[in-house]
2 protein chains.
Amino acid sequence: MNRKRNTTLKELAKELGLSISTVSRALNDHPDISTETKESVKILAAQMHYVPNMFAKGFRSQKTNIIGVIVSNITHLFTSTILKSILEEAEIRGYRVIISESNNNEAKQSEMLTTMSQFGVDGVLMSLARKTTYVDDALRILNRMPLVLFDKVSSKIPCTQIVINEEEAAFNAVEHLIGLGKKRIAIMKETENSYNSEKRYAGYLRALNQYGLPVDEKIILSTEDISLVQGKRLANILLSMKNRPDAIFAITDNAAIGAIKALNKFKIKIPEEIAVVGFSNSINSTIISPTLTTVDQPGDKIGRTAVKYLIEEIENPKNDLLTKTVEIKTNLVVRDSSFKA
Amino acid sequence: MNRKRNTTLKELAKELGLSISTVSRALNDHPDISTETKESVKILAAQMHYVPNMFAKGFRSQKTNIIGVIVSNITHLFTSTILKSILEEAEIRGYRVIISESNNNEAKQSEMLTTMSQFGVDGVLMSLARKTTYVDDALRILNRMPLVLFDKVSSKIPCTQIVINEEEAAFNAVEHLIGLGKKRIAIMKETENSYNSEKRYAGYLRALNQYGLPVDEKIILSTEDISLVQGKRLANILLSMKNRPDAIFAITDNAAIGAIKALNKFKIKIPEEIAVVGFSNSINSTIISPTLTTVDQPGDKIGRTAVKYLIEEIENPKNDLLTKTVEIKTNLVVRDSSFKA
DNA sequence: AATTAACACGCAAACGTTTGCGGTAACGAT
DNA sequence: ATCGTTACCGCAAACGTTTGCGTGTTAATT
């Protein structure tokens with residue numbers, strides 16, 4: 001197929017009997033050009049469907065107006081919600097977005113980072129892969145272009161970081177359970193030192209302390225991957241205890257749902273016997289029965305904020321490399337799994 | 001911040017005492033260059049972290065190695081699953097991906113299409129916005145670059161189209177219900193003429209006909225947006241009938257789940273009194289109780305196939321513009337909502 | 001009438017890369 | 001000694017755009 005080539009400034013210039021530079025300036029509303037000339041140029045440009053060649057443009061200006069985004073898994077609703085808002089906000093501000101997945105693979109993440117840089121993006125938005133320890137690539141990127149981390153972040157990388165108030169959110173969730181009269185609250189968390197898990201655990205502990213409840217190691221459960229099946233498994237462990245907990249705070253909706261499924265199987269009354277609270281406000285939390293009380297994370301706000309800060313840094317380069325943490329507020333959505341009738 | 005500039009061929013050439021062209025050829029393994037020269041060039045290139053400037057490259061070759069993707073809503077699991085495989089497959093083949101959302105807005109979709117073209121993508125992958133009627137923009141794009149449609153397609157656009165076997169899938173789903181001994185099967189579909197809804201409805205009708213079951217307009221329900229709440233509403237309508245159906249085929253998992261919720265509320269036994277089958281195999285289908293029988297759509301295969309065909313067309317431009325439909329097989333996942341004990 | 005200032009436009013370089021073409025050296029064959 | 005061949009490499013143009021600088025015209029000021 002003979003794909004038509006795009007019209008160029010040269011063709012417009014020839015058609016109008018003007019020089020290329022005049023046409024360029026006319027289209028860019030340069031003050032040196034008379035109003036009539038601008039008019040005629042713009043009219044012809046529209047007629048001939050002129051569109052500036054982004055490559056020539058970026059080639060000269062060394063600016064691509066593309067921002068790169070690296071996430072671990074695009075199919076997680078929370079992630080795609082963030083991506084949606086990133087796309088929207090970026091478009092509003094005149095940027096395009098290239099998305100890559102690391103699949104929680106650190107090597108892949110490094111590779112993406114360098115190809116992003118090679119590709120000439122103006123800046124990068126990244127949510128770290130789990131267990132990221134090697135941050136040299138990120139540091140190397142940092143003196144080439146701005147980088148903003150979100151959700152999964154690391155204090156080892158001196159840049160702007162957009163996170164939710166993990167600790168406070170967990171505190172509020174546990175406080176809510178305590179408010180229901182629960183005295184023996186189990187937690188399901190991750191074994192590995194993930195930023196999010198650590199913070200939420202800290203919030204859990206603070207709530208127990210503040211309300212004078214004892215911390216019992218036996219009902220502090222950890223798992224490698226905090227999934228639905230693991231939630232089931234851990235719930236079964238809790239049920240097998242002589243001294244059962246009267247509430248479960250799961251660090252993840254999936255684990256909470258797994259727990260509910262296990263409790264349902266044993267006809268445990270939720271929330272009377274055991275209340276359950278999750279984290280994320282995924283759609284599943286309204287599908288499961290009883291519906292799940294959970295922490296709503298405003299993904300769209302995270303995305304928007306991240307884009308805002310990144311573009312700010314792109315357009316106003318700073319000389320300092322410092323860690324700046326921006327916290328986005330969450331709020332607890334109370335549903336049947338912890339509803340006090 | 002003083003962002004470091006990338007090293008260029010010129011710098012490499014100066015360092016090595018060679019010409020720019022020789023360095024370029026050496027890096028591209030041109031046969032004219034001696035093995036030793038290639039070696040030394042490549043070593044220095046690695047040392048100096050040389051990365052080719054994509055813009056200069058694309059500028060010359062008029063090839064960007066970027067493909068544009070337009071979907072209606074990135075947060076739908078089915079969509080993000082497709083996107084995931086598109087990202088993977090594209091990366092394997094050396095392409096980057098730019099994603100845009102139309103939000104089911106036809107005007108937005110047209111706009112995205114033109115900015116994609118303006119941006120110089122090598123080809124476009126698109127799933128149409130609902131109720132797309134104006135296809136002129138797509139046609140205009142088509143003689144600039146290859147376009148491949150997937151999932152939501154239209155016969156008005158002469159290009160390669162990747163779809164699932166909607167009709168057959170629906171047929172199989174209804175046939176499955178008939179196999180359970182169900183004789184009065186309701187359907188929940190969309191009012192508007194969406195490609196998917198039409199096809200699935202056709203499959204429903206064919207199954208009824210083939211097994212000699214009467215078609216009763218009263219239990220053929222349509223709704224504008226086929227969502228969870230609408231599923232509930234329509235189920236309530238069915239329950240209010242004197243002559244209730246003994247099965248429901250919902251064109252969407254969400255509607256099916258809404259129906260189940262309504263049935264559960266009225267303590268209808270599923271599947272004994274009324275069986276339910278959905279479409280999509282969303283995660284929710286395993287969360288709801290009873291778990292939902294549904295049609296599994298292999299999103300990853302759709303994405304991969306779409307990329308394959310698009311890149312094929314990019315790299316081997318054809319002279320003909322014809323509609324070529326590629327069908328991806330689905331399969332029915334039988335769960336508790338239709339399980340014959 | 002001469003000088004100046006403002007205005008409108010053109011020339012040409014530059015961005016980094018690829019590539020057709022031409023050139024040089026070395027070497028074997030005549 | 002000359003020719004042809006091969007192996008390597010450099011020159012320069014081209015891609016489309018922006019932009020500093022120069023230039024010519026006109027109108028206003030002295």
Side-chain angles (χ1 to χ4, degrees), chain A residues 3-42 44-45 48-66 94 117-122 144-145, chain B residues 3-42 44-45 48-66 94 117-122 144-145:
Chain A
R3 305 288 180 193
K4 275 191 286 183
R5 293 183 47 72
N6 281 322
T7 35
T8 67
L9 285 183
K10 195 196 287 184
E11 301 175 53
L12 287 181
K14 188 157 71 177
E15 189 77 16
L16 288 159
L18 290 172
S19 77
I20 297 179
S21 33
T22 302
V23 175
S24 168
R25 278 189 259 254
L27 291 172
N28 293 331
D29 272 329
H30 193 283
D32 264 11
I33 307 299
S34 69
T35 324
E36 308 88 58
T37 308
K38 283 182 188 172
E39 269 306 304
S40 59
V41 169
K42 287 180 183 174
L44 185 69
M48 295 180 66
H49 295 107
Y50 169 78
V51 283
N53 182 315
M54 293 306 259
F55 273 80
K57 231 173 168 166
F59 177 39
R60 250 200 74 91
S61 61
Q62 296 294 11
K63 190 154 184 317
T64 62
N65 272 51
I66 305 183
S117 147
Q118 159 174 6
F119 197 81
V121 298
D122 291 342
R144 291 206 164 279
M145 64 182 70
Chain B
R3 307 284 180 195
K4 276 191 286 185
R5 291 183 48 74
N6 282 323
T7 33
T8 68
L9 285 184
K10 194 195 286 184
E11 301 174 52
L12 288 180
K14 187 156 69 175
E15 190 77 16
L16 288 160
L18 289 171
S19 77
I20 296 180
S21 32
T22 303
V23 176
S24 169
R25 278 189 259 255
L27 291 172
N28 292 331
D29 273 328
H30 193 282
D32 264 10
I33 308 298
S34 70
T35 325
E36 307 88 60
T37 308
K38 282 182 187 172
E39 269 305 304
S40 59
V41 169
K42 287 180 182 173
L44 185 70
M48 295 180 65
H49 296 107
Y50 169 77
V51 282
N53 182 315
M54 295 305 256
F55 273 79
K57 232 173 166 165
F59 178 39
R60 249 200 74 91
S61 61
Q62 296 294 12
K63 189 154 186 318
T64 61
N65 272 50
I66 306 183
S117 147
Q118 159 173 6
F119 197 80
V121 298
D122 291 341
R144 291 205 166 278
M145 64 182 71

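In the text below, chain A, chain B and the rest are named by the order of the sequence lines, each starting its count at 1.
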Atom pair distance, as rounded to whole Å: CG in A:Leu27 and C1' in C:dC9: 15 Å
Close side-chain approach of A:Leu9 and A:Tyr50, heavy atoms under 4.5 Å: yes
Terminal helix-axis angle for the helix from C:dA1-D:dT30 to C:dT30-D:dA1, with five pairs defining each axis and rounding to 10 degrees: 70°
Distance-minimising heavy-atom pair for B:Met48 and B:Leu12: SD-CD2, 3.7 Å
Residues, nucleotides or ligands: over 12 heavy atoms within 6.0 Å of A:Lys10 NZ: no
Flag, side chain of B:Asn53 to backbone of B:Thr8, donor-acceptor distance under 3.5 Å: no
Side-chain N,O (A:Ser34) to OP1/OP2 (C:dC9) below 4.0 Å: yes
B:Leu18 CG - D:dC11 P separation (whole Å): 11 Å
Nearest-angstrom distance from the residue atom CD of B:Glu36 to P of D:dA7: 13 Å
Annotated protein contacts, base or backbone, on nucleotides 15-23 of chain D with a non-hydrogen cut-off under 4.0 Å, one of B, S, - each: BBBBBB---
Donor-acceptor under 3.5 Å (B:Ser61 side chain, B:Lys57 main chain): yes
For the student: nearest non-hydrogen atoms of B:Phe55 and A:Phe59, plus distance: CD2-N, 3.8 Å
Heavy-atom pair of closest approach, residues B:Asn65 and B:Asp122: N-OD2, 2.6 Å
Rounded interatomic separation in angstrom, taking NE2 from A:His30 and C1' from C:dA6: 15 Å
Of all pairs that satisfy salt bridge (charged side-chain N to carboxylate O under 4.0 Å, His left out), the ones with a partner from residues 12-34 of chain A, not counting sequence neighbours: A:Asp29-A:Lys38, A:Asp29-A:Lys42
